[in-house]
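A quick write-up on the structure given underneath.
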Protein chains: 4
Amino acid sequence: MSTQTETESGKGYAAAADILADLGTSQGEREELYKWFHQHPELSLAENETSQRIVDTLSGYGLSPKRVGDTGVVAVIANGEGPVVAMRADIDALPVREASGKDYASTATAKDASGESVPVAHACGHDVHIVSLLGACQAMAAHTDAWSGTFVAVFQPAEETAEGADALVAAGIADEIPTPDVYFGQHVLSFLPGGHVGTQVGPSFSTSERIRVTVHGHGTHGAMAYLGVDPVVLASSIVMRLQTIVSREIDSAQQASVTVGALRAGSRANIIADSAELLIDTRAYSTDVQKQIREAIERIVRAECAASNSPKEPEFEYYEHYPITDNDADATGRVHAAFDAYFGDESGELGRVPASEDFSIVPDSMGVPYTYWGLGGFADTSRAVGNHDPAFAPDLWPTLDRGAEAIVVAACAWLA
Amino acid sequence: MSTQTETESGKGYAAAADILADLGTSQGEREELYKWFHQHPELSLAENETSQRIVDTLSGYGLSPKRVGDTGVVAVIANGEGPVVAMRADIDALPVREASGKDYASTATAKDASGESVPVAHACGHDVHIVSLLGACQAMAAHTDAWSGTFVAVFQPAEETAEGADALVAAGIADEIPTPDVYFGQHVLSFLPGGHVGTQVGPSFSTSERIRVTVHGHGTHGAMAYLGVDPVVLASSIVMRLQTIVSREIDSAQQASVTVGALRAGSRANIIADSAELLIDTRAYSTDVQKQIREAIERIVRAECAASNSPKEPEFEYYEHYPITDNDADATGRVHAAFDAYFGDESGELGRVPASEDFSIVPDSMGVPYTYWGLGGFADTSRAVGNHDPAFAPDLWPTLDRGAEAIVVAACAWLA
Amino acid sequence: MSTQTETESGKGYAAAADILADLGTSQGEREELYKWFHQHPELSLAENETSQRIVDTLSGYGLSPKRVGDTGVVAVIANGEGPVVAMRADIDALPVREASGKDYASTATAKDASGESVPVAHACGHDVHIVSLLGACQAMAAHTDAWSGTFVAVFQPAEETAEGADALVAAGIADEIPTPDVYFGQHVLSFLPGGHVGTQVGPSFSTSERIRVTVHGHGTHGAMAYLGVDPVVLASSIVMRLQTIVSREIDSAQQASVTVGALRAGSRANIIADSAELLIDTRAYSTDVQKQIREAIERIVRAECAASNSPKEPEFEYYEHYPITDNDADATGRVHAAFDAYFGDESGELGRVPASEDFSIVPDSMGVPYTYWGLGGFADTSRAVGNHDPAFAPDLWPTLDRGAEAIVVAACAWLA
Amino acid sequence: MSTQTETESGKGYAAAADILADLGTSQGEREELYKWFHQHPELSLAENETSQRIVDTLSGYGLSPKRVGDTGVVAVIANGEGPVVAMRADIDALPVREASGKDYASTATAKDASGESVPVAHACGHDVHIVSLLGACQAMAAHTDAWSGTFVAVFQPAEETAEGADALVAAGIADEIPTPDVYFGQHVLSFLPGGHVGTQVGPSFSTSERIRVTVHGHGTHGAMAYLGVDPVVLASSIVMRLQTIVSREIDSAQQASVTVGALRAGSRANIIADSAELLIDTRAYSTDVQKQIREAIERIVRAECAASNSPKEPEFEYYEHYPITDNDADATGRVHAAFDAYFGDESGELGRVPASEDFSIVPDSMGVPYTYWGLGGFADTSRAVGNHDPAFAPDLWPTLDRGAEAIVVAACAWLA
């Protein structure tokens with residue numbers, strides 16, 4: 001019982017080898033591109049210079065990129081009969097002050113939503129994603145004799161705020177590109193060895209749901225607690241009880257997470273406040289488990305309010321939501337086989353990643369199978385910091401090559 | 001605004017002084033009586049030899065004691081016109097192995113309810129109460145010229161199990177004695193200085209309510225908690241939450257207590273059990289607070305069961321109950337004034353005692369005001385152990401004198 | 001054993017009656033004074049107009065008031081041989097928007113410490129204290145034939161911030177007034193019946209200690225808690241555990257309170273923060289209990305940090321502190337007897353007040369016995385709101401009379 | 001990068017097919033054997049009739065079984081040149097009253113360790129394991145022409161108490177059998193579909209560690225908690241805190257479990273006890289995680305004792321221990337490929353099983369790779385009860401066939 005469909009690896013391998021034969025000649029160009037993007041990071045939905053540079057670069061390859069929404073870009077390379085393969089790269093950066101020590105480190109700043117100036121950096125490696133996809137476009141465009149079908153590049157804004165994939169769908173991406181047979185994505189990661197690629201069948205990146213819970217006490221003088229209802233004790237009871245969702249209620253094979261990231265109540269030692277606020281993040285690898293967690297949180301919060309004799313029902317605001325990234329078994333098997341054939345020991349399993357993505361929203365909106373793989377970014381994983389860390393900055397090489405190669409190899413499993 | 005009624009201290013003082021003038025002559029007799037009772041302790045409702053010796057002793061004083069129920073004894077000294085004053089002494093001992101080191105320490109044993117042989121000792125000092133009341137009877141009977149009215153002695157069984165006062169009422173004590181104008185009690189205590197007496201207006205000994213709470217989980221394999229409901233986690237949450245009744249819900253001036261004395265759940269590490277049992281003791285100095293605690297416990301237990309998704313309603317069994325001892329202000333003030341006049345600096349305030357008594361059941365059943373005072377039993381309170389401790393054994397002197405004197409002085413505030 | 005020293009009530013009563021005989025004639029003047037102070041409330045240490053009006057008024061009585069520090073005022077009425085009695089009134093208001101509905105309600109505003117404009121009101125009744133003491137000064141000054149000795153009025157700033165008594169000591173009050181034989185204070189309260197006065201021997205107002213506790217976690221991604229240490233769980237464990245100080249560790253007769261008024265940790269659902277901050281207020285009626293609580297808090301916080309594997313020692317900042325108000329037994333007994341004699345059923349017991357005062361700092365700095373009594377401010381206590389409530393505004397009458405009378409009656413227990 | 005070594009499936013398949021060609025002819029004999037074992041269940045280390053029947057049956061096949069220890073049995077089928085393959089079946093039953101409703105249900109009883117009579121049943125399916133291995137022995141012995149090498153059957157006692165594998169090692173099994181090239185085990189399970197086999201590379205059955213934790217309070221009267229240290233509150237705090245090991249400290253991909261199966265403290269509501277006992281079971285799929293859990297438990301327990309001011313260090317008794325079952329990747333891949341080839345869609349992945357085994361002790365003692373697979377026992381898994389349930393009784397067919405077939409197919413991957 002194998003989960004990996006046999007693919008015509010022979011043909012795909014040969015096509016990819018042809019397409020990638022002269023990749024080395026563009027290394028200087030891609031390094032320059034990468035450093036430019038790295039030094040021009042832009043916040044989510046403000047990727048103006050970034051998207052313009054992408055458009056210019058693609059045009060330089062002889063392609064005809066189109067805008068989708070304000071800062072999304074797509075490019076379609078139609079090359080005769082055959083399947084349609086789409087590849088997505090996310091392009092936004094983060095409000096982080098880079099501390100990588102690189103000589104090309106970002107010193108950029110930008111206004112955030114509240115108008116304040118904040119430092120900005122590609123602390124999640126989306127610049128690697130951009131340059132990898134540009135490199136693949138250049139190679140696919142230059143070697144149309146080696147493959148047939150259609151290759152679509154999708155440069156997506158605002159992944160970090162879970163707004164960009166929705167924005168592409170809202171802007172009508174389905175009308176701008178041919179419907180793909182498969183939709184790819186990749187992410188540079190610190191825990192995979194440098195240059196390695198890793199695939200994963202099924203749930204790979206978790207759901208994430210962010211909940212603002214407000215619970216009500218009854219304010220009073222700090223020395224006369226009996227005249228009120230103490231919301232700090234109520235909130236603390238909730239926090240302790242929420243631990244039991246993961247420890248007792250969820251099958252550990254499901255790998256769920258419930259985190260109270262913020263707890264805020266009261267402002268003075270000697271005044272018992274009226275309410276407390278908890279910001280909760282949940283993670284699950286299935287919508288059933290996500291629902292089970294949501295119900296458990298609501299049940300526990302309501303019950304603890306009852307235990308405290310809270311004078312008012314608690315409030316639940318679900319304010320951010322990432323879907324599951326549930327890689328299609330057939331598509332993933334086919335990519336995995338192609339990676340095994342091409343990269344040998346540098347192809348492996350990704351495992352489940354305790355992070356979330358809005359990647360699946362676009363293919364799900366079109367009813368298209370997808371797979372999302374990992375790309376190792378650091379030769380020495382033991383010293384690599386995690387994504388979003390101020391010091392995050394992947395090795396240039398072989399990362400930029402491998403990111404482009406992985407796209408071409410995966411595409412050729414369909415387009416050879 | 002004084003809470004203490006002026007009494008005719010002069011007359012009372014003189015009468016008490018006359019009655020107690022020759023108390024010293026019976027010291028040898030009372031010491032022998034005390035040692036006999038101390039060495040013949042009997043468990044609650046089994047005070048057979050004890051009550052027989054009391055009857056014999058009272059008869060020896062020329063009185064006509066009567067049985068009330070199996071082991072209760074009353075003696076009425078009717079001495080002409082005037083008020084009726086009753087004094088209660090409790091007479092039962094405890095299943096404790098005495099470790100006082102006294103040469104007259106108890107080595108007695110008895111069968112307990114389950115038929116097992118247990119050590120028995122007067123670890124709560126009821127032998128002091130018996131001999132003090134016998135001494136007072138002897139003095140009152142010998143000096144009828146110094147007072148007028150009626151003095152009633154009540155020897156009550158089974159205080160330790162909260163059964164004895166109910167038993168006296170059930171056996172018809174109201175028909176066996178004239179209705180008192182005031183009902184007294186006293187207790188030898190380790191925290192009052194030796195020979196001191198202490199009174200307290202209002203709530204003095206707390207209510208006590210004992211509750212058996214059963215909460216239901218759902219048993220399962222210890223490695224598969226998600227298939228069940230863990231009653232150990234549920235019970236532990238309840239225990240932590242119950243702490244907030246005293247810390248947050250009750251006015252601290254009310255001095256309440258909620259103790260989970262026993263928690264029992266499960267029998268094997270790798271099996272999640274079906275239920276857990278908590279034995280809870282509550283203390284309060286008013287029935288309002290007692291009710292508030294009871295409601296809070298039920299609210300918290302039900303809410304925590306809801307938080308755990310318990311499959312079945314919790315069960316509450318209220319299995320033991322002591323009433324409040326709420327000393328009448330006028331009666332207490334009158335006794336306090338008499339004590340001040342007679343004992344000077346050795347008369348003081350008792351304060352609230354964190355213990356419970358069934359003393360008030362008899363006067364409450366007759367609608368009679370009462371007051372209950374404390375009697376210091378140890379010259380060196382810093383080294384005295386608490387009541388019920390295996391090493392508990394009060395100093396013989398001045399304790400046995402002072403116990404008798406206090407009764408006579410208090411009685412003379414009415415009977416002079 | 002009485003705690004109340006017999007006083008020469010007869011002489012004191014007669015003197016007070018003489019001094020207060022014509023008090024009614026100044027009602028209009030005192031009402032106008034009160035409304036002026038009520039409508040000119042000033043924040044702590046900014047009592048400029050207030051202190052000037054006090055100085056002017058006292059001068060109008062023929063007295064020679066002196067400044068102590070910036071806004072403190074003292075007036076000494078030296079009237080021949082005899083004891084020295086001092087009376088303190090606190091004079092500052094609160095940053096509260098008055099909502100009493102009175103036609104003389106405050107509409108004042110002021111700049112607070114941060115330079116922002118805030119509403120200001122006498123929501124704690126210090127204006128009653130000022131006018132009562134002015135009234136007493138006027139009466140004492142007008143009837144020097146009825147008493148002998150020295151009467152000292154102390155108008156203290158900044159009670160609300162626990163800074164004013166310290167400020168008087170720092171400004172050398174000991175050099176500005178003769179050393180008193182007794183130091184008095186009073187507070188208008190909502191739970192005593194209107195016009196009633198209440199005394200209390202011993203601990204009457206609690207200590208209050210405010211502690212800022214910072215505990216350290218280790219920040220990480222919200223989905224990867226195992227890489228960090230969660231400070232929200234740590235802080236919540238501490239809150240639950242702190243409940244056991246009052247519920248298990250402190251003798252309930254001591255009436256302690258431990259409140260976590262504020263808990264702040266983290267800012268986003270999906271980020272585990274580096275630290276959490278708790279603001280804790282403790283109350284006790286003895287320095288031993290205060291010390292026991294402080295040690296228990298530190299012990300519990302340190303232990304919970306150890307349980308969480310916290311990477312760094314917790315920090316404790318003790319940032320506000322009120323001493324205990326521990327009324328001298330003899331002085332209080334003497335005042336109580338005088339009140340009983342003069343006010344009859346309107347004199348009673350205050351009980352312990354779950355609030356704190358800096359009153360005792362001045363007499364303690366001079367080694368002088370003190371007593372602090374309560375003054376009922378509302379005819380209908382069942383509808384009265386608590387001190388500091390925006391709606392707080394005592395009945396004008398008999399409050400202003402009774403406040404002045406109480407001072408004169410108490411003083412005459414020494415000065416008659 | 002494949003984890004499954006290609007095997008010579010062709011040859012192994014042909015050999016297994018030859019060996020199993022006439023398996024159907026022994027169905028009646030195996031059903032009778034199964035029902036006999038099912039109706040003669042024996043407790044751990046008391047498998048006397050069971051082991052005798054195994055010896056007799058093997059002898060009937062023409063083999064020469066040997067005893068290892070009291071109730072262990074091994075049989076070696078040496079068949080020329082080639083690898084050595086060993087297969088283990090565990091043979092003990094459980095103290096459970098069978099409630100399967102089968103007409104061949106067990107009614108057996110036995111004396112347990114304490115001398116009491118208890119019901120006994122094969123509620124974990126070890127009778128399936130015995131008959132499967134006997135069936136495989138019979139087939140291997142009857143068809144020696146189809147394979148070459150050595151086949152070793154190991155009938156192990158006392159798996160349920162984690163004593164049997166240790167007993168075989170102690171009795172010198174290494175001297176009684178040739179050193180295997182691979183060591184197999186299988187278990188009939190309720191969550192795999194009937195007749196299916198499932199393999200798992202790496203950690204498959206968890207470690208289990210059972211810990212008895214005793215924490216010390218200080219006993220006192222239930223109304224005077226402040227005089228003691230409450231062990232019920234201490235134990236409850238520990239239970240709540242232990243939840244955070246799984247919820248916060250362990251990477252969820254590691255799938256750990258920490259269960260407090262039993263909590264026992266105190267016996268009476270109104271007495272605070274001296275100590276509490278917790279029985280804890282932990283599960284992990286690596287010894288690193290097991291160690292991490294153990295350290296976290298000890299850290300938390302010690303810290304909570306410190307938080308409670310416990311007068312005495314806690315005690316930790318590690319009283320039961322199961323090692324991890326960590327299937328060798330190569331051996332498992334080889335068995336998996338053989339199962340895929342032979343059973344097609346009825347071969348699959350087992351996943352991690354939240355249960356523990358002492359199976360690995362024997363191969364680990366000899367430094368031999370091993371793999372342990374699952375065998376589906378119920379056609380309708382949705383209605384199947386779990387192992388150890390009183391109603392547990394697998395379908396006879398195809399279970400008994402498939403259990404024998406799986407052994408032969410796996411063995412032929414080496415012996416063909």
Side-chain angles (χ1 to χ4, degrees), chain A residues 205-206 208-213 219-228 230-243 246 255-273 276 278-283 319-320 322 353-356 386-389, chain C residues 205-206 208-213 219-228 230-243 246 255-273 276 278-283 319-320 322 353-356 386-389:
Chain A
F205 286 67
S206 69
S208 177
E209 193 157 64
R210 316 268 160 82
I211 319 170
R212 177 176 288 106
V213 177
T220 185
H221 191 287
M224 287 175 268
Y226 70 98
L227 295 176
D230 185 333
V232 171
V233 166
L234 169 52
S236 299
S237 292
I238 289 171
V239 170
M240 296 313 289
R241 266 294 204 169
L242 290 179
Q243 305 310 308
V246 167
Q255 292 178 233
S257 164
V258 176
T259 288
V260 182
L263 171 47
R264 300 190 284 231
S267 58
R268 291 183 56 183
N270 61 327
I271 298 177
I272 291 176
L278 301 94
L279 301 184
I280 304 176
D281 174 64
T282 77
R283 308 281 171 142
Y319 66 99
E320 278 178 17
Y322 286 86
V353 181
S356 302
N387 298 63
H388 292 205
D389 193 295
Chain C
F205 286 68
S206 68
S208 177
E209 192 156 64
R210 315 268 159 83
I211 319 170
R212 177 176 288 108
V213 177
T220 184
H221 191 286
M224 287 176 269
Y226 69 98
L227 296 177
D230 186 332
V232 171
V233 166
L234 169 54
S236 298
S237 292
I238 289 171
V239 171
M240 297 312 291
R241 266 296 203 165
L242 290 179
Q243 305 309 309
V246 167
Q255 293 178 233
S257 164
V258 176
T259 288
V260 182
L263 172 47
R264 301 189 284 230
S267 58
R268 293 183 55 183
N270 61 326
I271 297 177
I272 291 176
L278 301 96
L279 302 184
I280 304 175
D281 175 64
T282 76
R283 307 282 172 143
Y319 65 99
E320 279 178 18
Y322 286 86
V353 181
S356 302
N387 296 62
H388 292 206
D389 193 294

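Just so we're on the same page: letters track the sequence lines, and every chain starts at 1. No hydrogens, no waters, no symmetry mates; every other heavy atom, side chains included, goes into these values. In this text the structure is predicted, and so the values were computed from the model without any measurement.
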Are the side chains of R210(A) and Y322(A) in touch, meaning some heavy atoms are under 4.5 Å apart? yes
At a heavy-atom separation under 4.5 Å, does H388(A) approach chain C through its side chain, its backbone, both, or neither? neither
Can you say whether R264(A) sits under 4.5 Å from chain C via the side chain, the backbone, both, or neither, judging by heavy atoms? both
Is I211(C) close to L279(C) at the side-chain level, that is, under 4.5 Å between some pair of heavy atoms? no
Between L263(A), N387(A), V239(A), who has the most heavy-atom pairs with chain C when the cutoff is under 4.5 Å? L263(A)
Once rounded to the nearest 0.5 Å, what's the spacing between atom CG of L242(C) and atom OG of S236(A)? 9.0 Å
Among A355(A), A225(A), A265(A), which has the most heavy-atom pairs under 4.5 Å with chain C? A265(A)
Most heavy-atom pairs under 4.5 Å with chain A, out of P354(C), A269(C), A256(C), A235(C), belong to A269(C)
Would you mind checking which part of Q243(A) comes under 4.5 Å of any heavy atom in chain C, side chain (CB onward), backbone (N, CA, C, O), both or neither? side chain
Would you say the side-chain atoms of T220(C) pair up with the backbone N or O of I272(C), donor to acceptor, closer than 3.5 Å? no
When you compare the side chains of S208(C) and D281(C), does any donor N or O come within less than 3.5 Å of an acceptor on the partner? yes
I'd like to know whether M240(C) forms a side chain to side chain contact (heavy atoms under 4.5 Å, CB included) with M240(A), so could you lay out the CA-CA distance, the side-chain angles of the two residues, the decisive distance to 0.1 Å, and finally the verdict. CA-CA 9 Å; M240(C) 297 312 291; M240(A) 296 313 289; 4.1 Å; yes
Against chain C, label I271(A) side chain, backbone, both or neither, depending on which of its atoms sit under 4.5 Å from a heavy atom there. backbone
Please rank D389(C), V260(C), V258(C), N270(C) by heavy-atom pairs under 4.5 Å with chain A and give me the top one. N270(C)
If you draw the axis of the six-membered ring of Y319(A), does the NZ or CZ of R212(A) fall within 45° of it and under 6.0 Å from the ring centre? yes
Could you tell me which portion of S257(A) (side chain, backbone, both or neither) has an atom closer than 4.5 angstrom to a non-hydrogen atom of chain C? side chain
